[in-house]
Number of protein chains: 2
Amino acid sequence: MEKLLDALKALSDETRLRILNLLFEKELCVCDIMETLQISQAKASRHLIYLKNADLVKDRKHAQWVYYSLAIDERIKFIDSLVYDNLRNLELYQNDLQNLKDWLKRKTVNCD
Amino acid sequence: MEKLLDALKALSDETRLRILNLLFEKELCVCDIMETLQISQAKASRHLIYLKNADLVKDRKHAQWVYYSLAIDERIKFIDSLVYDNLRNLELYQNDLQNLKDWLKRKTVNCD
DNA sequence: ATCTTATATTCGTTTAAGCGATTATATGAG
DNA sequence: CTCATATAATCGCTTAAACGAATATAAGAT
């Protein structure tokens, strides 16, 4: 499975780790990710597509939105450990989760 | 810990994965690795230094040889899982382990 | 049809990193 | 000291990939 190396390459960038960390919480659309991480739309989109090409996430289109969610199969074990045992000990990724919560709350108030 | 990202970058190259796989067996010198993986001396050395800078391996000098061994601390959980649950299911890495065995046998006969 | 919003793509630039080939350094042997 | 061996470092080249900025596409809304 050549895909293992692709997965590892996808994991070797901080922005993509931050995105994965968020997607371990729930399915999100591109704009949730740009808002939460405070990155440009192009950057969010590009990294999501990179993760998709590595088979780590899948997408689902609904109206004008594209929702991304995890698509981790037998590689789940080590990536799970990476996320829960390593990433989530780090302040950056903890803050990102808090920012996600805040954003989703604001978003609901504003839009629904 | 910024080192987590360095570790992940170190894991995103096939040659370095093959080297790590070998080092999970035992401490090895540079020439063991070049012989086992059939790669150039410069290539083996460069990648070992990359792994060392990422704190995944440590070295120990003895006479004209440099021995490399694992130096994986709290990151061990996910890297362990990566190696044992993923890498070692792949033919390439299984073959490398067999080649290591064969090389170490030949080496003993020739040199000691 | 027009306008807005969400997402993807392209362009041009910059940087990291891989490679083979070669050279430098250091240790030990004779 | 000289030579051989083990390892590291350097050079020049090539490729992957990250970035911001700008543009394209596609779906709704009016």
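Note on naming: letters A, B, ... go to the chains in the order of the sequence lines (proteins, then strands), and numbering restarts at 1 for each one.
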How many Å lie between [atom1] on [X] and [atom2] on [N], as a whole number?
| X | N | atom1 | atom2 | result |
| --- | --- | --- | --- | --- |
| A/I39 | C/dT7 | CD1 | P | 12 Å |
| A/E35 | C/dT7 | CD | P | 11 Å |
| A/L5 | C/dA17 | CG | P | 15 Å |
| B/N53 | C/dG18 | CG | C1' | 16 Å |
| B/L8 | C/dA16 | CG | P | 18 Å |
| A/L11 | D/dA17 | CG | P | 14 Å |
| B/K107 | D/dT5 | NZ | P | 15 Å |
| B/K61 | C/dA26 | NZ | P | 10 Å |

Salt-bridge present (A/E35, A/K107; N to O < 4.0 Å):
no
Short N-O contact, A/K3 and A/D6, less than 4.0 angstrom
yes
Under 4.0 Å, heavy atoms only, any strand: does B/Y68 hit a base, just the sugar-phosphate, or nothing?
sugar-phosphate
Would you classify B/L48 as touching base, sugar-phosphate or nothing, given that sugar-phosphate means primed atoms plus P, OP1 and OP2, and contacts are heavy atoms under 4.0 Å?
nothing
Under 3.5 Å donor-acceptor, B/S81 side chain and B/F78 backbone
no
Sub-3.5 Å donor-acceptor pair from the side chain of A/R16 to the main-chain atoms of A/A10, do we have one?
yes
Shortest non-hydrogen contact from B/L23 to B/Y68?
CD2-O, 3.4 Å
Enter the distance from A/I33:CD1 to A/L100:CG here, rounded to the nearest 0.5 Å.
8.5 Å
Each nucleotide of nucleotides 18-30 of chain D classed B (base within 4.0 Å of a protein heavy atom), S (only sugar-phosphate) or -, in 5' to 3' order, makes SBB-B----SS--
Enumerate, atom names and distances included, each donor-acceptor pair closer than 3.5 Å involving a side-chain atom of residues 87-98 of chain B, sequence neighbours excluded.
from  : atom 1 : to     : atom 2 : distance (Å)
B/R88 : NE     : B/N21  : OD1    : 2.8
B/R88 : NH1    : B/E25  : OE2    : 3.1
B/R88 : NH2    : B/N21  : O      : 3.0
B/R88 : NH2    : B/N21  : OD1    : 3.3
B/R88 : NH2    : B/E25  : OE2    : 3.1
B/N89 : ND2    : B/D85  : O      : 2.6
B/Q94 : NE2    : B/R88  : O      : 2.9
B/D96 : OD1    : B/R18  : NH2    : 2.9
B/D96 : OD2    : B/R18  : NE     : 2.7
B/Q98 : NE2    : B/D102 : OD1    : 3.1

Is B/S45 close enough to D/dA8 that one of its side-chain N or O atoms is under 4.0 Å from OP1 or OP2 there?
yes
The correct set of residues in residues 21-32 of chain B placing a heavy atom under 4.0 Å from DNA chain D is B/C29, B/V30, B/C31
